[in-house]
Amino acid sequence: MLNIKHLLISSVLLLLVSAKTTKLPSFLHICHRSDPHLNDCIKKSVEKLRPLLSKGIPEFGIPSCEPLRIPEVVIDQGAGPVSVKSIYKDIKVYGPSDFTLKHVKIDLDKNRVRIKVWIPRLELISDYTMDGKILMMPIQGSGTSHGNYTNIDATIIMQGQQIKKDGDVYFNVKDFYVDFNIGHASIQLDNLFNGDKELGEAMNLFLNDNWRQVSNEIKPVLEDTIASIFKKFSNKIYHKYPLEILLPK
Ligand SMILES: *[C@@H]1O[C@H](CO)[C@@H](O)[C@H](O)[C@H]1NC(C)=O
């Protein structure tokens, strides 16, 4: 009887001890802030996360990013060359994990990380409804939207701050900025104008001829949406381990 009691107590103690020592998962590649090649080290850490980004990290509540799923994006522009109300639902973005890291720069004093990536190709599929005017042309429809975006340069800036929690210092991403530069886009909106084939085809041709202007108008909303998704994901990792463990001296 005493032995079982002992065993129980010691296993509870063991559990408590292991919970306190916060064992790091193997996918976290740790860099030291004194590392003279800190930027390269962080580049490696991000590279190491790539396979996990496509699979997702369930223990961190991070879903698969291949495809990246965005529940809804609403664009409601009253003025300018693109004045439409459009709603994209159940957006699936294929290709984000295929990025090439071009550049990583960490500024320890300012708690800021700047990352440049290149993505060869993104394919977006979603449901859409749209009503308004694009470059003076009336547009209206609802159905499936397809888009292929190639040769994308993206700049990401993570502005963080250090916060205290239970006596430890943690990194918190306060602002996450994403800026895209798209090399080429090809779009297809199915079922425009209640399925009128001729009008729909003409409109799709028109949209593709003017893809840059069209995507420039919707770009800011997409950038903000993607930024807020990745801000949430990064904080799920940063809030789990003290800065002293993630970025030791
Ligand atoms: C996007 O690319 C896929 C695969 O190459 C192709 O099947 C599809 O037709 C393309 N869609 C558009 C809108 O260009």
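Indexing begins at 1, ligand by ligand and atom by atom, following the structure's order. One is the number of the first residue; the rest follow in order along the sequence.
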Cationic tip of Arg121 within the cone over Tyr149's six-membered ring, i.e. under 6.0 Å and within 45° of the normal? no
pair Cys65-Ser97: side-chain heavy atoms closer than 4.5 Å: no
Is the gap between the ring centers of Tyr238 and Phe233 under 6.0 Å? no
Are side-chain N/O atoms of Gln162 and Asn172 paired as donor and acceptor at under 3.5 Å? no
Specify the closest pair of heavy atoms between Phe171 and Asn235, including all atoms of both residues, with the distance to one decimal. O-OD1, 4.3 Å
Return a table of donor-acceptor pairs under 3.5 angstrom between the side chains of residues 79-93 and protein atoms on other chains or two or more places apart.
none

Go ahead and list the nitrogen or oxygen contacts between ligand 1 and the protein that come in under 3.5 Å, distances to 0.1 Å, or just say none.
unit_1	atom_1	unit_2	atom_2	d
ligand 1	2 (O)	Arg121	NH2	2.9
ligand 1	2 (O)	Asn148	OD1	3.4
ligand 1	2 (O)	Asn148	ND2	2.4
ligand 1	11 (N)	Asn148	ND2	2.9
ligand 1	14 (O)	Asn148	ND2	3.1
ligand 1	14 (O)	Ser186	OG	2.4

